[in-house]
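Letters A, B, ... are given to chains in the order of the sequence lines, protein chains preceding strands, and every chain is numbered from 1. We use all heavy atoms of the structure for the numbers below, so side chains are in, but hydrogens, waters and symmetry mates are not.
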Amino acid sequence: MLYTRALIPTVKEAPADAANASHKLLVRAGYIRKVGAGMYDYLPLGLRVLKNIEAVVREEMNRSGAQEILMPALLPAEYFKETGRWDLYGATLFRLEDRKGGEFHLGPTHEEIVTDIARREIKSFRDMPTNLYQIQSKYRDEPRPRGGLLRCREFLMKDAYSFDVSEDAAKASYETMRQTYCRIFDRLGLTYRLVAADPGAIGGSTSAEFQVLADSGEDAIVACDTCDYAANVEIATVKAPPATDEAEAAEDKAKVHTPKVGSIEDVSRFLKKPKEKFLKSLVYLAGKELVLAIVRGDHDVNEIRLARALGVDEVFMAADADVQKATGAAVGFAGPVGFKGKVVVDRAAAAVKNAVTGANETDHHFTGVSRGRDWDGDVADIRLATDGDGCAVCGEAGREGKLKTYRGIEGGHIFILGTKYSEAMGATYSDDKMEKQPIVMGCYGIGVSRLVATTIEQHHDADGIRWPMSIAPYKVHLVSIGKDEPVLAAARKLYDELVAAGVDVLWDDRDERPGVKFKDADLLGMPLRVTIGAKALANGNVELKPRTESDPKKAELVPVADVARVLVERVRAAKTA
RNA sequence: CGGGGCGUAGCGCAGCCUGGUAGCGCACCUGGUUCGGGACCAGGGAGUCGGAGGUUCAAAUCCUCUCGCCCCGACCA
């Protein structure tokens with residue numbers, strides 16, 4: 001492509017509403033433009049990247065034996081009503097009516113629709129295993145679109161669905177997808193972690209997220225420094241704490257006046273006791289029941305684990321008025337001693353002896369509190385993992401792994417769904433004894449458009465984008481300096497040779513000063529830059545510099561006669577690496 | 001949904017408090033000089049001041065309503 005013929009509207013200043021590096025760079029480099037909140041135009045370069053990612057995903061999905069289909073984005077309400085998700089999805093669903101008042105919505109995901117295909121077309125055990133996927137726009141009315149392409153209301157997703165005769169067979173399909181995803185993320189040049197995750201609203205038993213590591217990521221994950229345990233902090237577990245220290249003599253319980261000091265921080269300072277000696281008491285609403293959750297003063301509650309311990313879908317922090325009703329005290333003075341409702345206590349908090357806790361009386365705390373004597377509750381693992389915690393997995397095997405925290409962007413998510421959808425929608429097959437069985441399903445998503453931004457979050461510097469070869473919109477950025485005829489002739493010849501060799505090349509043939517061209521080249525981020533200038537060319541050379549080399553003086557001199565061959569080789573080598 | 005902020009030229013912003021000719025930088029167009037890391041000089045075009053209503057002789061500016069957008073939180077395959 002000739003730069004003078006291309007629509008590449010670079011700008012010096014990023015729009016004020018861009019917060020992430022990827023958002024700023026995509027706009028500045030002319031890859032995307034905003035149409036509305038969470039809606040973007042893909043300009044020519046942006047679309048090329050999107051298509052390149054799509055191609056990698058499609059190749060690997062096909063290689064795994066999956067078959068591509070395309071389902072509608074516009075859907076009648078009846079399918080989601082069959083499984084109850086018409087109501088469950090709530091405000092996230094984009095709903096609309098047709099001219100006759102019929103109810104429709106835009107697909108946020110397609111389990112129901114693909115299950116409908118399955119129940120009609122998959123009739124025998126001989127029809128499985130099978131895996132159907134599509135690459136399609138998804139629609140979700142997100143509470144808050146943000147981060148440019150990272151969280152959109154319309155976004156491109158690859159969603160795949162596996163159909164198997166049994167849970168074991170489904171596990172094999174799941175494993176195939178796990179390996180396929182690893183190949184995809186590797187080819188895209190991303191550094192990622194496979195982490196255990198909460199299946200959330202999709203449902204299902206086994207699930208794992210492909211978290212692309214980036215400081216700007218929305219998700220917090222923990223990974224063991226010794227074994228391969230990694231999990232979203234939402235569900236991460238930690239090594240059980242040592243049992244109560246029996247050597248510590250039991251104190252008597254005493255009530256102390258703590259006027260206007262309710263937070264752990266303040267009471268700790270006021271009473272000069274470490275936070276580890278506190279029982280942090282939080283009132284949660286679980287269904288209709290008010291429950292007291294107890295964690296150690298220096299820990300935080302993991303609400304997803306708490307909900308699981310209680311056997312409910314989710315829990316909510318109780319409103320201040322409810323807290324006062326339940327404890328008889330102002331917020332900040334709740335405690336388990338004398339609490340009338342259900343109490344759930346984290347393992348670490350359960351082990352604290354001579355604890356400090358709220359007295360359920362405004363402006364008062366108890367000290368010297370002991371579990372068993374003064375209060376009790378159901379012990380469970382309900383705290384949030386943090387940096388430095390012991391790893392539960394290798395810790396129990398006697399090793400000393402420590403958890404480290406990372407930020408990640410969810411690039412993919414794989415699930416075993418079981419029979420949730422097939423049973424709700426009557427998707428059954430006949431087994432070899434002519435008996436009807438529910439199909440066992442799995443589903444597998446990759447946020448294709450999100451990966452455009454995610455890649456930049458991981459691959460950029462102060463000057464611009466640094467595309468991995470596999471998805472770069474052009475592999476070679478050819479810069480001709482000045483208007484000397486020998487320079488232009490050499491550039492034209494190289495350009496033609498690269499095009500003939502099938503190498504995607506962008507030739508900056510504009511009548512611009514060198515500085516402008518170099519700045520734009522860095523911003524756009526093509527992996528290889530070739531500069532043809534009069535001085536080097538007089539000696540028969542051109543300059544070759546990878547985008548990852550930031551020092552322009554380290555450009556490599558390559559004889560003009562060899563450069564086409566060298567470039568073709570490097571592009572091929574980088575693609576297969 | 002709770003808290004905060006912003007809508008003025010394509011982009012980034014000033015002007016608003018204290019009402020009175022709508023400005024600056026970048027980008028764009030013309031001419032000239034310049035030419036290896038976002039040049040310079042001169043000239044030029046471009047804005048229903050998000051929208052509606054109100055107060056006023058007079059509204060970008062004050063008041064009311066409304067729409068959109070961003071940030072933090074909540075929420076979120």
Same-atom distance ([atom1]) from [N] to [M], integer angstrom:
N	M	atom1	value
G12(B)	C6(B)	P	15 Å
U30(B)	G45(B)	P	15 Å
C40(B)	U8(B)	C1'	30 Å
A22(B)	C49(B)	P	11 Å
G47(B)	C28(B)	C1'	15 Å
G68(B)	G51(B)	C1'	10 Å
C1(B)	A60(B)	C1'	32 Å
U56(B)	U64(B)	C1'	16 Å

Let's see if you can work this out: which of [options] has an atom nearest to the side-chain heavy atoms of [X]?
X	options	answer
E543(A)	A74(B), G36(B), C69(B)	G36(B)
R153(A)	C69(B), C35(B), C75(B)	C69(B)
R513(A)	G38(B), U34(B), G36(B)	U34(B)
E142(A)	C70(B), G38(B), C76(B)	C76(B)
K12(A)	C72(B), A27(B), A39(B)	A27(B)
P143(A)	G37(B), C75(B), A39(B)	C75(B)
A37(A)	C69(B), G38(B), A74(B)	C69(B)
R144(A)	A74(B), G36(B), A39(B)	A74(B)

Across the strands shown, which category fits [X] at heavy-atom distances under 4.0 angstrom: base, sugar-phosphate, nothing?
X	answer
R450(A)	nothing
G533(A)	base
E410(A)	sugar-phosphate
D159(A)	nothing
P108(A)	base
K483(A)	nothing

Who passes side chain to side chain donor-acceptor pair (under 3.5 Å) against [X], sequence neighbours left out?
X	result
D387(A)	T405(A)
E103(A)	K81(A)
Y495(A)	none

Electrostatic pair [X]:[Y] at N-O distance under 4.0 angstrom:
X	Y	answer
E111(A)	R85(A)	yes
K280(A)	D300(A)	yes
E82(A)	R119(A)	yes

Worksheet item: Is a side-chain N or O of Y444(A) found less than 3.5 angstrom from the main chain of Y133(A), in a donor-acceptor match?
Response: no

Nucleotide opposite [N] in a Watson-Crick or G-U pair, distances under 3.5 Å:
N	answer
G68(B)	C6(B)
G25(B)	C11(B)
C1(B)	G73(B)
U61(B)	none
G19(B)	none
U33(B)	A39(B)

Worksheet item: Donor-acceptor pair under 3.5 Å: do we get one between D463(A)'s side chain and the base of G37(B)?
Response: no

Fill in: R95(A) charged N/C atom sitting above W86(A) aromatic ring, 6.0 Å / 45°
yes

Fill in: Inter- and intrachain pairs under salt bridge (charged side-chain N to carboxylate O under 4.0 Å, His left out), touching residues 16-40 of chain A, at least two apart
D17(A)-K34(A)

Worksheet item: When every nucleotide of nucleotides 5-14 of chain B is labelled 5' to 3' by its protein contacts under 4.0 Å (heavy atoms), B for base, S for sugar-phosphate only, - for none, what sequence of letters results?
Response: ------SSS-

Worksheet item: Is K553(A) near enough to G37(B) that one of its side-chain N or O atoms lies under 4.0 angstrom from OP1 or OP2?
Response: no

Worksheet item: Taking for each residue the nucleotide of RNA chain B with the nearest heavy atom, is it R529(A) or F155(A) whose nucleotide lies nearer the 5' end?
Response: R529(A)

Discussion item. Return whichever of P145(A) or E303(A) has its heavy-atom-nearest nucleotide of RNA chain B closer to the 5' end.
Written reply: P145(A)

Show me the side-chain donor-acceptor pairs of residues 518-538 of chain A shorter than 3.5 Å, one per line, residues at least two apart or across chains.
from: D520(A); atom 1: OD1; to: T10(A); atom 2: OG1; distance (Å): 3.2
from: D520(A); atom 1: OD2; to: R510(A); atom 2: NH1; distance (Å): 3.3
from: D520(A); atom 1: OD2; to: R510(A); atom 2: NH2; distance (Å): 3.0

